[in-house]
Protein chains: 2
Amino acid sequence: MATGRTHRPATRSRGIPEATVARLPLYLRALTALSERSVPTVSSEELATAAGVNSAKLRKDFSYLGSYGTRGVGYDVEYLVYQISRELGLTQDWPVVIVGIGNLGAALANYGGFASRGFRVAALIDADPAMAGKPVAGLPVRHTDELESIITDNGVSIGVIATPAGAAQQVCDRLVAAGVTSILNFAPTVLSVPEGVDVRKVDLSIELQILAFHEQRKAGEETSPAQETAVAAAAQPRSGAGVRPAPGGRKGPDGDVPAVMPA
Amino acid sequence: MATGRTHRPATRSRGIPEATVARLPLYLRALTALSERSVPTVSSEELATAAGVNSAKLRKDFSYLGSYGTRGVGYDVEYLVYQISRELGLTQDWPVVIVGIGNLGAALANYGGFASRGFRVAALIDADPAMAGKPVAGLPVRHTDELESIITDNGVSIGVIATPAGAAQQVCDRLVAAGVTSILNFAPTVLSVPEGVDVRKVDLSIELQILAFHEQRKAGEETSPAQETAVAAAAQPRSGAGVRPAPGGRKGPDGDVPAVMPA
DNA sequence: TTGTGTGAATGAGTTCACAGCT
DNA sequence: AGCTGTGAACTCATTCACACAA
């Protein structure tokens with residue numbers, strides 16, 4: 001099935017840009033904090049600072065939702081909380097199942113921010129029979145055999161996978177077959193799902209590797225002035241090959257010296 | 001950004017695009033799997049499929065690293081593994097500290113992919129005196145008091161924050177003051193750090209909210225025209241100002257995780 | 001005057017499509 | 001023939017800067 005249909009007529013979302021959607025939860029969190037302190041209104045500047053973005057971006061983001069602010073004044077906190085919640089679909093409660101109740105699964109189950117923000121843990125599922133019935137975060141762990149019925153009975157459409165990498169795809173397939181259409185994957189695997197199913201992944205080692213990349217870059221250009229890539233290029237202390245390998249140069253994987261060692 | 005430093009990132013002489021950097025770990029993982037199966041070479045098409053991206057993107061990404069492939073043939077797996085590892089800075093071992101050894105911290109400490117890919121857990125740190133000395137993932141938990149000396153003695157430059165939201169900024173400040181320049185934050189807070197310090201965040205509830213947004217959208221267009229979103233629809237108050245949902249009506253996002261408080 | 005809302009300008013990231021090496 | 005490497009076209013995202021409403 002190499003030639004899968006790469007057709008994607010759908011997703012013609014003339015709606016809110018994806019980048020904006022990804023920031024709405026951030027705004028919502030900042031607004032909720034303000035709301036708790038009974039702050040009535042905020043300016044884009046203040047809210048942007050609290051959310052860690054710049055005000056122009058925030059205003060642009062909000063402009064996709066509608067004109068919810070008041071010129072010369074700012075935004076009504078409560079009103080915005082409501083509008084964003086509604087936009088994100090948090091005015092309803094989403095039942096969620098967590099599959100794989102190891103250290104991570106337990107951590108997720110115990111995460112407080114769950115229930116308070118539109119989500120409800122419908123069930124914790126694990127393949128280990130020894131875990132069955134054992135309470136975690138106040139819920140009894142259910143065995144994988146029950147997965148399908150749990151999904152169906154509770155109308156679950158969002159599943160969280162916290163299993164070892166080896167089990168992830170299988171679990172994913174079962175979740176999808178049972179009706180789940182959104183998956184949050186914590187296992188270090190690329191999941192393949194049918195069209196229409198959304199997958200987001202959270203991957204510790206990828207994040208660390210990205211940090212390592214930047215960390216290495218910092219170390220490499222320490223003594224340099226301000227901060228610049230263009231200039232730093234010349235000083236790259238990389239080994240042999242370099243970035244732009246010699247055009248007609250060698251490229252064989254043969255005896256290449258494993259340079260680069262910690263100083 | 002905070003500081004309006006209008007610099008000149010103009011010419012792209014040497015920087016690898018951020019989006020590409022974020023995918024390198026993905027390629028590396030796929031390549032490592034191939035390497036283990038002793039596959040000697042891969043085409044961009046095959047590798048792209050394994051990594052979950054399309055081949056044009058993959059080739060473009062690799063082009064930033066150099067010309068490491070062979071036309072008509074593909075890429076040498078071992079060679080690419082090495083080149084990407086080097087680019088990501090994984091040819092050296094990065095000592096990492098994990099602060100906040102609750103459910104999540106323990107899960108991270110137990111995560112296997114750590115040591116095998118260029119990272120080494122130098123220490124587990126928690127503010128709870130009762131945790132001190134207790135072994136987690138084979139390492140004794142150290143008390144927060146020792147944070148600075150641990151960082152210094154081990155030359156740690158990457159820190160992972162897995163504390164409750166309330167403690168995160170404080171921990172962050174101490175890590176930075178002690179010399180950490182890259183932080184992976186699992187706490188649901190916006191951390192503020194001085195320039196030069198990198199922060200990446202992993203946030204469960206944000207991911208879920210993004211999924212909910214798309215989930216809601218699916219429900220709205222695919223199923224019957226009549227949405228169950230009646231709840232939200234009915235409360236649409238846009239005309240006068242000052243219209244706000246019942247102040248005391250919404251539930252508080254409390255339910256914070258227990259324990260762990262720095263001095 | 002203050003601060004939103006938004007076209008226009010700029011920049012980043014992706015996809016196309018094909019020249020060129022093996 | 002097969003497959004990489006890459007300019008060019010295109011799409012998405014961010015930033016600018018200012019008209020306009022309160």
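When reading the values below, keep in mind they use all heavy atoms of this one structure, side chains included, and skip hydrogens, waters and symmetry mates. Below, chains carry the letters A, B, ... as their sequence lines are ordered, and counting in each starts from 1.
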Side-chain contact test, heavy atoms from C-beta onward, threshold under 4.5 Å: evaluate it for A:Y75 versus A:L34 and give yes or no. no

Distance col, row A:S85:OG vs B:Q209:CD, nearest 0.5 angstrom, shows 8.0 Å

Contacts of type ring-ring contact (aromatic ring centres under 6.0 Å, His included), residue A:F186, not counting sequence neighbours: none

Nearest whole angstrom, please: distance from the P of D:dT4 to the CG of B:L65. 14 Å

Quick test of your reading of the model: are B:R29 and A:D203 salt-bridged, counting only N-O distances below 4.0 Å? yes

Donor-acceptor contact below 3.5 Å, side chain B:T70 vs main chain B:V73: no

Can you tell me the distance, in whole Å, between the CG atom of A:L58 and the P atom of C:dG3? 14 Å

Would you jot down, in residue-number order, the residues of residues 19-56 of chain B having a non-hydrogen atom under 4.0 Å from DNA chain C? B:A19, B:R23, B:N54

Given that A:E18 and A:V73 both sit by DNA chain D, which one's nearest nucleotide is further toward the 5' end? A:E18

Does B:Y68 have its ring centroid less than 6.0 Å away from the ring centroid of B:F62? no

Review item, nucleotides 18-21 of chain D N/O atoms under 3.5 Å of protein N/O:
residue, atom, partner, partner atom, Å
D:dC20, O2, A:R71, NH1, 3.1

B:Y75 side-chain N/O to D:dG5 phosphate OP1/OP2 under 4.0 Å: yes

In terms of side-chain heavy atoms, does A:Y82 have a donor or acceptor partner in A:E78 at a distance below 3.5 Å? no

Distance in angstrom units between A:L80 CG and C:dG3 P, rounded: 16 Å

Whole-Å gap separating P (D:dC3) and CZ (B:F62): 16 Å

Apply side-chain hydrogen bond (donor to acceptor under 3.5 Å, both in side chains) to the pair B:T91 and B:R86, showing each step before the final yes or no. CA-CA 5 Å; B:T91 47; B:R86 186 173 60 86; over 6 Å; no

Round to a whole Å and report the spacing from NZ of A:K57 to P of C:dT10. 19 Å

Using whole Å, report how far CD1 of B:I16 lies from C1' of C:dA12. 16 Å

Which whole-number value in Å describes the distance from A:K60 NZ to D:dA13 C1'? 10 Å

Rounded to the nearest 0.5 angstrom, the CZ-CG distance for A:R23 and A:D61 is 4.0 Å

Whole angstrom value for the distance that separates P of C:dT6 from OH of A:Y64: 10 Å

